2 protein chains.
Amino acid sequence: MPATSTPSGGAPRVLGHPSRDAIRLEDVLHALADPVRLGIVLVLDEAEGECSCSVFDAPVSKSTLTHHFRVLREHGVITQAYRGTAKMNALRRDDLEDLFPGLLDTVLTAARRQAAAGLGAGASAAATGRA
Amino acid sequence: MPATSTPSGGAPRVLGHPSRDAIRLEDVLHALADPVRLGIVLVLDEAEGECSCSVFDAPVSKSTLTHHFRVLREHGVITQAYRGTAKMNALRRDDLEDLFPGLLDTVLTAARRQAAAGLGAGASAAATGRA
DNA sequence: GCGAATGTACGAGACCTATCGTACTTCGCG
DNA sequence: CGCGAAGTACGATAGGTCTCGTACATTCGC
């Protein structure tokens, strides 16, 4: 829905999401393979609903965060929608569950388990995310 | 990563594998995010045991295949061992299952499902009939 | 209308990855 | 011992990704 005008250099108010059939396993895996994005998905999962972009404590700049959200969206992991100045994010649970049953849950559980293990083990290199 | 002693420029006969605790979810996800590697893991999974390196019909050169096997090994997804001129590969099922319960299975199932859907791409949307 | 808040776009830089071809090592066999 | 087979290493190349800073757009509240 083109709100007012569609200026040549403006940020599009309409966000393109891949259709369910266009979601590929490799893409989802790739999207989830990044520590920052995995963290985002983890938060989104616990939020169980929508979430603004700026409630994440990721150690990256705003631009980078935008980039990660875009990757997540373009790979079919999340949905994004504008709401005033904020942008709400939500997991595509149904689509993901339908395409890859149990995948999201399993990965998220594994991520939490690893995070817990890492915290208890005095994670030094684990916290950085880079190996 | 721990450097395996390279005597004088030869191919090391000893292969370094990460310990179970060193296996990271992001690495496993990343390893699985590549179509070639996912295919390898799929074959390895069905083989249920060891497999030589050269039974894969991946559309890549031998060098590239070696590279992928190495990634898989260094990320803790497979085990490799020399056996004469051949090198046997096997999934680290136990370690993976212990660290990330159900992950390998879920991903592999998703991969097979997607592959099946892709083969019957003509009527994929109708064939699934899922809502 | 103006300013603040939220987020985006556009480069740029550094790093990693996937791919290849070629040369090489190692092993098994005759 | 020499040869073929199986893999590896290395270098090169093309492309992707992650990160950033800065400039800009959009909306809300006044």
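Order of the sequence lines sets the chain letters (A, B, ...), proteins ahead of strands, with each chain counted from 1. Predicted, not measured: the structure shown is a model, and the values here were computed from it.
Using a 4.5 Å heavy-atom threshold, the side chains of A:Asp45 and A:Arg93 count as touching. Taking 4.5 Å as the limit, every side-chain heavy atom of A:His75 sits out of range of all side-chain heavy atoms of A:Arg37.
Within the structure, every side-chain polar atom (N or O) of A:Thr64 is placed at least 4.0 Å from both OP1 and OP2 of D:dT19. Listed pair A:Arg83 / D:dC28 fails the phosphate criterion, with no side-chain N or O lying under 4.0 Å from OP1 or OP2.
Look at CZ on A:Arg70: it is 11 Å from C1' on C:dG7, rounded to the nearest Å. Rounded to whole Å, atom C1' of D:dC18 lies 16 Å from atom CG of A:Leu38. Between B:Ile78 atom CD1 and D:dG7 atom P there is a gap of 12 Å when expressed in whole angstrom units. Distance, A:Lys62 NZ to C:dG7 P: 8 Å, rounded to whole Å. Rounded to an integer number of Å, the gap from B:His68 NE2 to C:dT19 C1' is 8 Å. Distance CD1 (B:Ile40) to C1' (C:dA18): 13 Å, rounded to an integer number of Å. Atom CD in B:Glu26 sits roughly 18 Å away from atom P in D:dT17 (whole-Å rounding). Residue B:His67 contributes atom NE2, which lies 18 Å from atom P of D:dT13 at whole-angstrom precision.
The side chain of A:Val71 lies closest to D:dC18 when the candidates are C:dT6, D:dC18, D:dT19.
Residues B:Thr66 and A:Pro59 each lie close to DNA chain D; by heavy-atom proximity, the contact nearer the 5' end of the strand is made by B:Thr66.
One N or O donor and one acceptor, one from the side chain of A:Ser63 and one from the base of C:dA9, sit under 3.5 Å apart.
Nearest approach of B:Leu42 to B:Ala111, heavy atoms of both residues: CD2-CB, 3.9 Å.
Just one of B:Leu72, B:Leu104, B:Thr79 meets the side-chain contact (heavy atoms from CB on, under 4.5 Å) condition when paired with B:Leu91; it is B:Leu104.
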